[in-house]
Amino acid sequence: MECDVLVIGCGAAGLSAASYAARAGYSVIAIDSLAPGGQMLYIDEIENYPGQGTTSGYALAESFEKQAAAFGARIEFWGAKSIGKEGERFIVETTDGTVTAKAVIYAAGARHRHLGCQGEEEYQGKGVSYCATCDGPFFKGRRIAVVGGGDTALTDALYLSRLASEVHIIHRRSEFRGQKALQDRVIAKENIILHMERNAVSINGDGRNVKSVTLSDGSELECDAVFIFVGIVPNSELLDGMARLEGGFVWTDDHMMTSVPGLFAAGDVRTTPFRQVVTAASDGATAAHAADSYIQNM
Ligand SMILES: Cc1cc2nc3c(=O)[nH]c(=O)nc-3n(C[C@H](O)[C@H](O)[C@H](O)COP(=O)(O)OP(=O)(O)OC[C@H]3O[C@@H](n4cnc5c(N)ncnc54)[C@H](O)[C@@H]3O)c2cc1C
């Protein structure tokens, strides 16, 4: 199979890239090993995608997919297994055969590291969250637990402390790993309470909502939500050894071009300070626009 632009990953970044590239007149194949929509499919309610009001992640994903298909992108349930370049052509092995493309947009996303404690999976979307910007506003005036001690945990605890009545940070070590300036701000904040050298052992609730967290010292912390910030893992394995990675994330320039000419990356998988639907969609548009210039100059 041959196409101008192959998009790997059909989340917000990939579907946005597929829309822009197909609308610009290119033959586009967009593949996803699971289902088009990516992480959007896990968003119960999204209220910060511009112009949409409050909607479900599923509905938003469906509209992204329909739009890309309407512009002529071919969307397939295939997984990419390897990526190589021969001369000016990319050769991508997929679960359904080989695809040859002039440009590749890699938008394979990322996943949040889980704690693995009891109740974490059961209460995901019912109080357990991995994104303060996404879900913090749903817990205004409530008690929130934050698990983690790095920059993200501290920054997001400060953000949540502006919304919540109390923020309880649970950290397994005696010191935070986050920047000193952030630590000072966290310590100075009156409604942030620290629980150092403790782990979250289980997240408890009534089946519908989170009610408390049991800590490793046996104490029970009452709360309405648990925000877990123990790391994010990019799905960048296919580019390992091929393109420049930074901390596992795919490095790009401002045009979403990786260190390999013609190979672009977009969305959560790349080095970016903010991982949201809107930023992923924006990356996808930029990558498709840059792929257009690249193909024109081949
Ligand atoms: C529970 C939850 C709630 C969230 N809430 C919000 C919110 O309220 N507002 C907001 O803006 N953002 C929210 N986010 C974050 C937002 O969903 C993500 O930042 C955004 O969707 C990332 O899009 P992406 O396209 O970069 O990656 P993803 O959505 O991760 O898509 C990547 C796709 O690539 C596919 N893929 C991976 N490897 C391969 C391969 N080898 N071959 C083929 N396909 C592959 C995957 O199956 C996946 O479908 C939330 C995230 C979660 C998990």
Side-chain angles (χ1 to χ4, degrees), residues 6-19 29-61 64-65 68 75-83 92-96 99 104-114 120-121 123-139 156 225-229 232-240 242 249-250 252 256 264-288:
L6 174 68
V7 178
I8 299 175
C10 292
L15 290 172
S16 161
S19 281
I29 300 178
I31 65 172
D32 199 294
S33 45
L34 292 175
Q39 293 175 61
M40 282 189 284
L41 299 175
Y42 303 110
I43 310 176
D44 196 28
E45 206 171 68
I46 174 163
E47 50 179 28
N48 62 359
Y49 190 77
Q52 291 292 315
T54 300
T55 185
S56 71
Y58 184 86
L60 190 59
F64 268 65
E65 184 189 354
I75 298 169
E76 298 287 356
F77 291 85
W78 305 339
K81 296 197 293 186
S82 69
I83 306 175
V92 177
E93 295 300 335
T94 79
T95 48
D96 212 75
V99 182
V104 169
I105 298 176
Y106 191 80
R111 53 197 190 275
H112 293 278
R113 194 168 279 140
H114 288 200
E120 182 179 14
E121 303 304 322
Y123 287 102
Q124 210 171 305
K126 299 172 182 169
V128 171
S129 172
Y130 303 87
C131 175
T133 319
C134 310
D135 297 324
F138 295 120
F139 296 97
D156 286 359
V226 185
F227 284 79
I228 299 169
F229 305 116
I232 173 165
V233 186
N235 300 321
S236 59
E237 298 82 359
L238 289 188
L239 300 192
D240 200 5
M242 181 184 192
F249 293 92
V250 185
T252 68
M256 306 300 139
F264 301 83
D268 283 13
V269 74
R270 75 173 192 97
T271 49
T272 173
F274 200 34
R275 293 187 171 85
Q276 291 280 279
V277 175
V278 68
T279 52
S282 162
D283 280 5
T286 304

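Whatever order the structure lists them in is the order used to number ligands and atoms, beginning at 1.
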### Summary
Taking only non-hydrogen atoms of Leu238 and a 4.0 Å limit, the atoms of ligand 1 in range are 41 (N)
### Min side-chain heavy-atom separation Asp96-Glu76 under 4.5 Å
no
### Task
Using a 4.5 Å cut-off on heavy atoms from C-beta on, say whether the side chain of Leu34 contacts that of Leu41.
no
### Query
Do any N/O atoms on Asp32 end up under 3.5 angstrom from N/O atoms on ligand 1?
yes
### Query
If you measure every N/O of Val277 against every N/O of ligand 1, is any gap under 3.5 Å?
yes
### Query
So between Ser33, Ala13, Gly37, Pro36, whose heavy atom ends up nearest atom 43 (C) of ligand 1?
Ser33
### Task
Could you say whether the N/O atoms of Tyr42 and ligand 1 ever approach to under 3.5 Å?
no
### Query
Is there side-chain contact between Ile75 and Glu65, with heavy atoms separated by less than 4.5 Å?
yes
### Query
Hey, is ligand 1 close enough to Asp268 that some N/O pair sits below 3.5 Å?
yes
### Query
Which atoms of ligand 1 have any heavy atom of Ala280 under 4.0 Å away?
23 (O), 26 (O)
### Message
So that I know where these two stand, are Tyr130 and Tyr42 an aromatic pair - ring centroids less than 6.0 Å apart?
### Response
no
### Message
What I want to know is whether Asp135 and ligand 1 share at least one N or O pair that is separated by under 3.5 angstrom.
### Response
no
### Query
Taking atom CD1 of Ile228 and atom CD of Glu120, what is their separation to the nearest 0.5 Å?
4.0 Å
### Message
I want to check something: taking the side chain as every heavy atom from C-beta on, are Asp156 and Phe227 in contact at a cut-off of under 4.5 Å?
### Response
no
### Interfacing atoms of ligand 1 (cut-off 4.0 Å, heavy-atom, Gly79)
42 (N), 43 (C)
### Task
Considering the heavy atoms of Gly267, write down every atom of ligand 1 situated less than 4.0 Å from one of them.
26 (O)
### Query
Just which atoms of ligand 1 are under 4.0 Å from any heavy atom in Ala110?
30 (O)
### Query
So do the side chains of Pro234 and Val250 get within less than 4.5 Å of each other, counting heavy atoms only?
no
### Greater than 12 external heavy atoms within 6.0 Å of Asp44's CG
no
### Other residues, nucleotides, ligands: >12 heavy atoms within 6.0 Å of Phe249 CZ
yes
### Query
Which ligand 1 atoms does Arg275 reach within 4.0 Å, using its non-hydrogen atoms?
19 (O)
### Minimum non-hydrogen distance to atom 32 (C) of ligand 1, winning option of Gly9, Gly38, Ala107, Cys10
Ala107
#### Entry: For Trp78, atoms of ligand 1 separated by under 4.0 Å from a heavy atom
43 (C)
